[in-house]
Amino acid sequence: MTFDDLGLAPEILKAVAETGYTTPTPIQEQAIPHVLGGRDVLGIAQTGTGKTASFTLPMIDKLSRGRARARMPRSLILEPTRELAAQVAENFETYGKYNKLSMALLIGGVSFGDQEKKLDRGVDVLIATPGRLLDHCGRGKVLLTGVQILVIDEADRMLDMGFIPDIEEICKKLPFTRQTLFFSATMPPEIQRLTDTFLHNPERIEVARAASTGAGIKQVLIKTTRDGKRDLLQKIIDDEDLKNAIIFCNRKRDVSVLERALSKAGLSAGAIHGDLDQSTRTKTLDGFRKGNIRLLVASDVAARGLDIPDVSHVFNYDVPSHAEDYVHRIGRTGRAGKSGIAYTFATREDGKYLAAIEKLIGNPIPTQEKDAAAPAPAEATPSEPETAAAEDDGKKEAKRSRGRRGGRNKDKAAAEPSQETAQQNEPAEKTEDKQPQKTAKPEEKPARRERGGRGRDRDDDQPVVGLGDHVPAFILRAVKLPKKNTKETDDELEAESEDA
Ligand code: AMP
């Protein structure tokens, strides 16, 4: 099958041909005719499958007929992160170059004024992160009653980030008779419930299981210690023909610390995580894509779903506490038929996380004895298993979301958010699923995740505000804490105290 067989208009086919793509990917082949035909689509597909073009191409086709009215976008695409939103916008620019469609991007880190001017002129396509969109709605700057096509992309990621209440709120503002295209890499029960509510007789298209790992990716597990990781990484960088790499850490502050250490060692490194401002994130990603930055140290929230072709190595500097993240992380390499290597550094404390990953991918990760560092110590670092994955990118967004749910229009702060508040339209990070006991069953995600539960407001770098009346169990354990872990323990205390 070729793109010509899909029923797309000639100007779109011309733009596609200019990108060099000749054959539609399976999701494109299956979804495009249904989208053109007006059906709702449930696409179970992850990034890398060509899913973005599977909705942008037919949307451009459909939207090329008709005109936009002021403040009333004709279509809406919801993305969990700014980067993904920007990536979709790029797709529209590439494939829509011969169509005169107008587009606005409502994401944090971009000034309200510019976006409002665009909205005032009328847009065919509005691409937004949920929080920022609700801010604009609250300010009366955008009316969603004219939306004919809604796309909810990366729905399971939205769930992880606590955006589902926002999406439900947004959907209430949309017309009932609309076309809905819904994409998710996995279908946990909460997502199934959403699709039952928001999709009307959808065409279900499933192209790849979330648990599948690319065939071109060589996976290597190396057992090490927390302190041995840095040397191990350096050794691999020195020994191997390493073109470039994404190095994943579980915590934002570890991302920054590692990036600084690598830069200090004379390596070309950049960092990306949710606390960095948007222009820095964009600049760093561009630098990595162009080859000016060789080592990108990243958190999950900032890097998931990004389309960065040609990554030779991925490092799980920390074993992800959520098994599906392993698949997404290593999927950054071995893309588009290329081969890649994914190293995972595991400490003695990572056993249960590794077991969950190996269960998900269906086989053990081959182990390699490559650690020059000392063997794992007998005693476990007490705080690590409980806190290692505690990135808190979403705390501010979650706070704002709760504020909105508490009365958006009555709340002046919500109705007229400051620029600073708006810039914090950060993706939230998973929280409850970082509790070790949840990780053993990666598919079962707790329902209260949607409401922003324990740990959402924790801030790694904030002082402890109090204990409440609850003493966390690990404090009662007779373990002598080494100095360097004090802060992590404080985080636990803070999270517990907020729960209490
Ligand atoms: P996505 O899954 O939308 O993130 O797309 C993954 C990558 O595949 C992007 O770099 C696209 O530009 C690329 N791509 C999309 N469609 C095709 C196609 N039909 N043939 C080859 N590459 C494609």
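When a ligand or atom number is given, it counts from 1 through the structure's own listing order. Computed from a predicted structure; not experimentally measured.
Note on E116 versus R121: no salt bridge recorded, every NZ/NE/NH1/NH2 to OD/OE distance being 4.0 Å or above. Ion pairing between a basic and an acidic side chain is recognised when a charged N comes within 4.0 Å of a carboxylate O; E18 and K97 show such pairing.
In the vicinity of T52, heavy-atom distances shorter than 4.0 Å reach the ligand 1 atoms 1 (P), 3 (O), 4 (O). Short contacts between ligand 1 and F3, defined as distances under 4.0 Å to a heavy atom of the residue, involve ligand atoms 19 (N). The atoms of ligand 1 that sit less than 4.0 Å from any heavy atom of T25 are 17 (C), 18 (C), 19 (N).
Heavy atoms only, all atoms of each residue included: D318 and K229 are closest at OD1-NZ, 2.8 Å.
Among the atoms of G50, some N or O lies under 3.5 angstrom from an N or O of ligand 1.
The aromatic ring centroids of F183 and F55 lie less than 6.0 Å from each other.
Residue Y21 holds the heavy atom nearest to atom 17 (C) of ligand 1 of all those in F183, F55, Y95, Y21.
Contact annotation for T23 and ligand 1: only backbone heavy atoms (N, CA, C, O) come within less than 4.0 Å of the ligand. Neither the backbone nor the side chain of Q87 has any atom closer than 4.0 Å to an atom of ligand 1 (non-hydrogen atoms only).
With sequence neighbours excluded, the residues satisfying side-chain contact (heavy atoms from CB on, under 4.5 Å) with V220 are K218, I222, I341, Y343, Q368.
Of the possible polar contacts, one joining the Q28 side chain to the T25 backbone as a donor-acceptor pair under 3.5 Å is found.
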